[in-house]
2 protein chains.
Amino acid sequence: MTPSDSPPEPTDATPEARERLLLAAEAAFAEHGYEGATVREITKRAGVNIAAVSYYFGDKERLYVETVKYAHSCATGGLPVPTPPPDATPVQLLELFIRELVRRMHAPARATSMQLVMREMSNPGKAAHVVVDEFVRPMAFALRERLRTVLPGLDEKRLLMTGFSVIGQCLFYRQNRPIAELIFGKDAVGVLDLEAVSNHVVRFTLTAIGHPPEGSS
Amino acid sequence: MTPSDSPPEPTDATPEARERLLLAAEAAFAEHGYEGATVREITKRAGVNIAAVSYYFGDKERLYVETVKYAHSCATGGLPVPTPPPDATPVQLLELFIRELVRRMHAPARATSMQLVMREMSNPGKAAHVVVDEFVRPMAFALRERLRTVLPGLDEKRLLMTGFSVIGQCLFYRQNRPIAELIFGKDAVGVLDLEAVSNHVVRFTLTAIGHPPEGSS
DNA sequence: GTTGATTTTAAACAAACGTTTCATTGCTCT
DNA sequence: AGAGCAATGAAACGTTTGTTTAAAATCAAC
């Protein structure tokens, strides 16, 4: 009958309707959440018939999971963990890692993708473990190992919290920018671009762990 | 007919049905969000008739706004901004402020209240500006002023980002605990209680801004 | 040009949604 | 007791939801 219940397979000859559906679903789910977004709105925005979601994905929930995966692959651009240059001190490695972290959070091109992924992370559903397994956990573990190298002898508990301090700083600008703009004004927050933020987080973090950068005023 | 469109007034003789409705709505909205929670589920959990939401609040949206306000007042316990002791150095004032911030984020008794408020903050809707105006903005401004006292001469941009670094650390444990548990295990994150977190955030922050506490190993 | 599979379409489905109606209850005054 | 008002109850309202149906359209292969 139809390739509905099991995905039509990434046979690489996937029709373009499927892709447009994913694109529209990404925007809708990112903006209104799973329950807030309707399949009618999604299919309308994608320019396909409403039955297409059943045809290509089976139902709304499987469309959502596939959309989160799709958004995640778009947001990360395929890069797993940033590859460090061979000759670099542990502190420099940590700094590069933080800059990469901030870059991924900010990347304006993939804003909606990131927004959807973040939404799923705030309220972990059936698609969360996929993103965690193949993206977040490797990043978190890599950060912890780099911190461990810089801070040998620190107990696991404080090591974990130090990592959370780094991630917390980075996540803030992604998760709470609307509120920050509501408090301090759109202009005041708008000037905090990628470079300003990453410079600040690097300086703040390195100073906090006892390895202040050179020109730390 | 009924006191529906305008609230029945806090005549202090408010019936107990209204309160139960708010309580049930708080839990439902916190767990499933605005669109995900249904008035049937709420009224069922509250043990009242479905028409009660129309009778007491007019419609679902006004119930939601009132619930967020209610949750906010519950979460903050009525305290506006922590009152500092008269004899305290600027750094001590900042430390006390951070500890208060962490305490408010953690407070397990008001967990659902805080969860609902945070959910509204992540996706600002019609109830966000109320919470921002009478709770978040005063806190944010107070934090900035205390940072300004400790760090005189720092330009506004970096002052803002320093505040975001503090808030970002505190928010992390509230907004991303489920994901953190998914990554590192429930046990590893569970041991990070209020005291451990506030001690860490204080030490991390004070060190980062060049005022390390005494016993900073 | 016809066959057969794949994709798209319009229409309909039952279920759940928020909301309203109206009758009924409980209570307080006179 | 009876009138007036606040509160509750059961049932239905019209929409919108996700999903399905079956016919029409598109396309490749023979």
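A, B, ... follow the sequence lines: proteins, then strands. Residue 1 opens every chain.
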Among D:dT21, C:dT19, C:dA11, the one nearest B:Asp59 by side-chain distance
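Closest nucleotide among those given: C:dT19.
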The side chain of A:Tyr55 is closest to which nucleotide in this list: C:dT21, C:dT6, D:dG18?
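Comparing C:dT21, C:dT6, D:dG18 against the side chain of A:Tyr55, the answer is C:dT6.
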Residues forming a side chain to side chain contact (heavy atoms under 4.5 Å, CB included) with B:Asn49, sequence neighbours excluded: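 B:Ala51.
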Whole-Å distance separating the [atom1] atom of [X] from the [atom2] atom of [N]:
| X | N | atom1 | atom2 | result |
| --- | --- | --- | --- | --- |
| B:Lys60 | C:dC17 | NZ | P | 9 Å |
| B:Tyr64 | C:dC17 | OH | C1' | 18 Å |
| B:Ile50 | C:dG18 | CD1 | P | 7 Å |
| A:Phe57 | D:dG18 | CZ | C1' | 16 Å |
| B:Arg18 | D:dA7 | CZ | P | 11 Å |

Phosphate contact (C:dT19 OP1 or OP2) by B:Ser54 side-chain N/O below 4.0 Å: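 B:Ser54 to C:dT19 OP1/OP2: no side-chain N or O under 4.0 Å.
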With a 4.0 Å cut-off on heavy atoms, is A:Ala52 in touch with a base, just the backbone sugar-phosphate, or nothing at all?
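Answer is nothing: A:Ala52 stays at 4.0 Å or more from every strand.
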Does any residue of residues 21-49 of chain A have a heavy atom under 4.0 Å from DNA chain D, and if so, which ones, in number order?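 The stretch gives A:Ala37, A:Thr38, A:Val39, A:Arg40 as the residues lying under 4.0 Å from the strand, ordered by number.
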**Asked** For the helix from C:dG1-D:dC30 to C:dT30-D:dA1, what is the angle between the axes at its two ends, each from 5 pairs, rounded to 10°?
**Response**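 The end-segment axes of the helix from C:dG1-D:dC30 to C:dT30-D:dA1 are tilted 0° relative to each other.
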Under 3.5 Å, side-chain donor or acceptor atoms of residues 116-124 of chain B against the rest of the protein: list the pairs with distances, not counting sequence neighbours.
unit_1	atom_1	unit_2	atom_2	d
B:Arg119	NE	B:Phe29	O	3.4
B:Arg119	NE	B:Ala30	O	3.1
B:Arg119	NH2	B:Ala30	O	3.2
B:Arg119	NH2	B:Glu31	O	3.0
B:Glu120	OE1	B:Tyr64	OH	2.5
B:Glu120	OE2	B:Gly125	N	2.7
B:Glu120	OE2	B:Ala127	N	3.3
B:Glu120	OE2	B:Ala128	N	3.0
B:Ser122	OG	B:Met118	O	3.2

Which pairs count as side chain to side chain donor-acceptor pair (under 3.5 Å) when at least one residue sits in residues 34-44 of chain B, sequence neighbours excluded?
->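 Of all non-adjacent pairs touching residues 34-44 of chain B, those that pass side chain to side chain donor-acceptor pair (under 3.5 Å) are B:Glu41-B:Arg45.
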| message | Could you walk me through whether B:Ser113 and B:His72 satisfy the side chain to side chain donor-acceptor pair (under 3.5 Å) test, starting with their C-alpha distance in whole Å, then the side-chain angles of each, then the deciding distance to 0.1 Å, before giving a yes or no? | response | CA-CA 7 Å; B:Ser113 300; B:His72 152 251; over 6 Å; no
By salt bridge (Lys or Arg N to Asp or Glu O under 4.0 Å) - contacts of B:Arg99 (at least two apart):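 In terms of salt bridge (Lys or Arg N to Asp or Glu O under 4.0 Å), with neighbours along the sequence ignored, B:Arg99 is linked to B:Glu95.
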Short side-chain donor-acceptor distance under 3.5 Å, B:Glu26 and B:Thr67: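 Short answer, no.
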Next on the checklist: A quick test of your reading: do over 12 heavy atoms of other residues, nucleotides or ligands sit less than 6.0 Å from CD of A:Glu134?
Outcome noted: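 Yes, enclosed.
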Q) What class does the angle between the rings of A:Tyr173 and B:Phe164 fall in, given that below 30° is parallel, 30 to 60° is tilted and above 60° is perpendicular? A)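 Ring orientation, 0 to 90° scale: perpendicular.
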**Study point:** Distance flag, aromatic centroids of B:Phe172 and A:Phe172, threshold under 6.0 Å
**Key:**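 No, the ring of A:Phe172 stays outside the 6.0 Å limit from the ring of B:Phe172, centre to centre.
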